[in-house]
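Here the structure is a predicted model, which means the values were calculated and not measured. To find a chain, count down the sequence lines: A is the first, B the second, and so on, and within it residues start at 1.
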Protein chains: 2
Amino acid sequence: MSSQLIAVLVAVQNDTPKVLTLGAGRSLPAGPLESRHRSLQNGMRLWVEQQTGRRLGHIEQLYTFADTQVLGVPELERSLLISYLALTHADPPSENWRSWYEYFPWEDQMRAQTQRLVADITLRLKSWVGTLAAEEHERQLRRVVRLFGGDGEVWDDQLVLQRYELLWEAGMVTESPLCEEPVVGMSMDGDHRRILATGIARLRAKIRYRPVFYEFMDETFTLSALQRTVEVVAGQAMHTQNFRRLIAQQNLIEETPDYAPVSRGRPAKLFRFRREMIEEGQIMGSKLPIVFSR
Amino acid sequence: MSSQLIAVLVAVQNDTPKVLTLGAGRSLPAGPLESRHRSLQNGMRLWVEQQTGRRLGHIEQLYTFADTQVLGVPELERSLLISYLALTHADPPSENWRSWYEYFPWEDQMRAQTQRLVADITLRLKSWVGTLAAEEHERQLRRVVRLFGGDGEVWDDQLVLQRYELLWEAGMVTESPLCEEPVVGMSMDGDHRRILATGIARLRAKIRYRPVFYEFMDETFTLSALQRTVEVVAGQAMHTQNFRRLIAQQNLIEETPDYAPVSRGRPAKLFRFRREMIEEGQIMGSKLPIVFSR
DNA sequence: CCTTTTATACTCTTTCTGAGCATAAATAAC
DNA sequence: GTTATTTATGCTCAGAAAGAGTATAAAAGG
């Protein structure tokens, strides 16, 4: 049984969370696990750095699973896929870096249009629920409401994978064997979109208690830029004043004497991350407002 | 390259968190990944259920890594280890079920003796720090304090793996190549103790926001029994009244008309989990007091 | 000068959390 | 049979944190 490494490589460019793709955006970069790698983590790092020529920051394992993509292949030939999430700094944009919201448009709760999209999806899901056996009705209906909101439920930005799986079961994404008419959003080969969903969910969870957004920022940055970065990753708008309060009280960043070049309003101070705090394990947690404003 | 499944199978028996081991407690159960398994998760479940004859409850993947144990083996033969955490209900105890605190005595912060043990470990670690290059002193000293407490730092029950790794680096566990005189605690073959540490940490984290302790309880139980279960898993005593408040306000459990047979004090009401709440995904979170009392 | 936009400071209310006090209902000790 | 001890349970209170609003500062554009 052969094994492959597969990477969800994320950067934030132009206030957009982007992921590195191959093959016209249809797949995530993947490479064979080579025996010269001293460890998986290391192999992953080396391999991505060679392929992309960029330095990797934070890196973590996502999930390992048996590839279900290739049908008709003798089972012994099935591949193990070991997926990783890796963060890097924005570099010259290219075709291969695509907004992850191209694949999950409903996850971008900052665009006004999304509300309509989610309403449409919810409608279709509810009609799908109608086709199920009666015992399942209530269960699945609660699931739809919990995942896609409505009925007073708030949108939980972490349930990326669960939402994708629900759409899959309902035959509303191209990857599903039941699919007739997919919901908007690019699909990917095999399990890749599922892996991407896992990566997004993991990053959104992580950013709540670890200052991994550090990886995405320039050397110096304004608080608004920091907030926008976190917002586009979470796909949720945040209360500016509270965001600042939380960042401030964590001692993660410090002022520089400089100001950002102004375009419109009052010029913003430039900040930088405090090196001592970023260093390995120093920061026990970086809390962010957990319930986002709308 | 062949692959192995490896399980951290946990149950709570007699107010002790136990893990299933093999070979006189020196290794975790592991088996080859067979091609008939439809998915890894499924393969894991089938395999453990066959081996142990018990039904598995919650199951989740821990980590995948390349086995570093076997030296002198051609690198292509290296095995991929895919580790899982699985929870099950206590059954007739046996030799093979061992308290996880046999392997990590310092993690049991509920025993009075542990305080002395941790003090000893801290001393030895500090003297190890003394042998390092000067630039490293402060960094590593902070690490020791953060992981093993002292200096006003509180004990973080989730840092099981980090503590083990520190001891490993300092040559204070048998598994380490530098080891001369190990700290108390049973060791295991290969990476198994590290995997166990990962499992414990994951479970301690999970139990904070998901009611996975459900798996460990009988059909009905008292609140004290529930609290003791959580406490021994976390290795930390909790404030009883606050524990009850949190459990109560989450609507996870309901009273039964019965009382537990008394031994000493006032008889305790028996409770049961509300089936509807436990069902898949219903419960979004089960919060527990995060900072434990001493 | 006035409006708009962005940045930043401060306040207020509600909820959550840690911690303690008090009472209830049983057994054990005298 | 009192009294002490143990376990279970109810309630209160102070401080911290979170959500949300008001106010002010500093720029550009008309």
Side-chain angles (χ1 to χ4, degrees), chain A residues 15 110 152 154-157 208-209 220-231 234 236-272 284-294, chain B residues 15 109-110 152 154-157 208-209 220-231 234 236-251 253-272 284-294:
Chain A
D15 296 336
M110 292 187 72
V154 291
W155 182 269
D156 185 337
D157 65 296
R208 293 267 174 89
Y209 62 98
T220 64
F221 50 85
T222 66
L223 287 179
S224 324
L226 184 60
Q227 182 179 348
R228 268 198 312 277
T229 299
V230 175
E231 283 180 334
Q236 300 264 145
M238 299 169 62
H239 183 113
T240 306
Q241 298 93 318
N242 291 347
F243 177 84
R244 290 156 156 275
R245 175 173 63 191
L246 281 171
I247 294 293
Q249 76 192 20
Q250 305 200 228
N251 250 19
L252 275 176
I253 62 177
E254 60 192 3
E255 279 188 37
T256 69
D258 307 322
Y259 285 78
V262 280
S263 51
R264 287 292 206 97
R266 172 173 167 177
K269 285 206 196 81
L270 284 173
F271 291 80
R272 74 163 69 86
M284 284 314 308
S286 144
K287 295 195 289 188
L288 291 178
I290 295 200
V291 175
F292 299 92
S293 69
R294 304 206 161 226
Chain B
D15 297 335
Q109 296 282 313
M110 292 187 71
V154 290
W155 182 269
D156 186 337
D157 65 295
R208 293 268 173 88
Y209 63 96
T220 64
F221 50 85
T222 66
L223 287 179
S224 323
L226 183 60
Q227 182 179 347
R228 270 198 311 278
T229 298
V230 174
E231 282 180 337
Q236 300 264 145
M238 298 169 62
H239 182 112
T240 306
Q241 297 94 315
N242 291 345
F243 177 84
R244 289 156 156 273
R245 176 173 62 191
L246 281 172
I247 295 293
Q249 75 192 20
Q250 306 200 229
N251 250 20
I253 63 178
E254 60 191 3
E255 279 188 38
T256 70
D258 307 324
Y259 285 78
V262 280
S263 52
R264 285 293 203 99
R266 171 172 170 179
K269 285 206 196 81
L270 283 174
F271 291 80
R272 75 162 68 84
M284 283 318 306
S286 144
K287 296 194 290 189
L288 291 178
I290 295 200
V291 176
F292 298 93
S293 68
R294 308 210 162 223

Any chance you could measure A:Ile247, atom CD1, to A:Asn242, atom CG, to the nearest 0.5 Å? 11.5 Å
In this structure, CD1 of B:Ile253 is separated from CZ of B:Phe221 (nearest 0.5 Å) by 5.0 Å
From CZ of B:Arg228 across to C1' of D:dA8 the rounded distance in Å is 12 Å
Are any of A:Arg264's side-chain N or O atoms less than 4.0 Å away from OP1 or OP2 of D:dA27? no
With a non-hydrogen cut-off below 4.0 angstrom, is B:Thr222 in contact with a base, only sugar-phosphate, or nothing? nothing
Under the side chain to side chain contact (heavy atoms under 4.5 Å, CB included) test, residues paired with A:Arg244 that sit two or more places apart: A:Leu223, A:Thr240
Rounded distance (Å) that lies between atom P of C:dT6 and atom CD of A:Glu231: 13 Å
Using atom names, set out every protein N or O paired with an N or O of nucleotides 20-22 of chain C below 3.5 Å, distance rounded to 0.1 Å.
{"from": "C:dC21", "atom 1": "N4", "to": "B:Gln241", "atom 2": "NE2", "distance (Å)": "2.5"}

How about B:Glu231 and B:Gln236: do any of their side-chain heavy atoms sit closer than 4.5 Å? no
Quick one: B:Phe243 CZ to D:dG10 P, roughly how many Å, whole number? 15 Å
Just the table, please: protein N/O against nucleotides 23-25 of chain C N/O, every pair under 3.5 Å.
{"from": "C:dA24", "atom 1": "O4'", "to": "B:Arg266", "atom 2": "NH1", "distance (Å)": "3.2"}
{"from": "C:dA24", "atom 1": "N3", "to": "B:Arg266", "atom 2": "NH1", "distance (Å)": "3.3"}
{"from": "C:dA25", "atom 1": "N3", "to": "B:Arg266", "atom 2": "N", "distance (Å)": "3.4"}

With sequence neighbours excluded, what pairs up with A:Gln241 under the side chain to side chain contact (heavy atoms under 4.5 Å, CB included) test? A:His239
Do B:Val230 and B:Met238 make a side-chain contact, defined as non-hydrogen atoms from C-beta onward lying under 4.5 Å apart? yes
Spacing between B:Gln250 atom CD and C:dT17 atom P, to the nearest angstrom: 9 Å
Distance criterion of 3.5 Å, no angle test: do you see the side chain of B:Arg245 paired donor-to-acceptor with the base of D:dG10? no
Given atom CD1 of A:Ile253 and atom C1' of C:dT8, what is their separation to the nearest angstrom? 13 Å
Find the distance A:Leu246:CG to D:dA20:P and express it as a whole number of Å. 13 Å
Under 4.0 Å, heavy atom to any atom of DNA chain C: which of residues 254-263 of chain A qualify? none
Does a side-chain N or O from B:Ser224 land closer than 4.0 Å to OP1 or OP2 of D:dT7, or not? no
Taking distance alone, no hydrogens or angles, what donor-acceptor pairs closer than 3.5 Å link side-chain atoms of residues 257-271 of chain A to residues at least two apart or in another chain?
none

Starting from P on D:dG10, measure out to CD1 on B:Ile247 and report it in whole angstrom. 14 Å
Rounded distance (Å) that lies between atom P of C:dT6 and atom CG of A:Leu226: 18 Å
According to side chain to side chain donor-acceptor pair (under 3.5 Å), who are the partners of B:Asp15, at least two apart in sequence or on a separate chain? B:Arg228
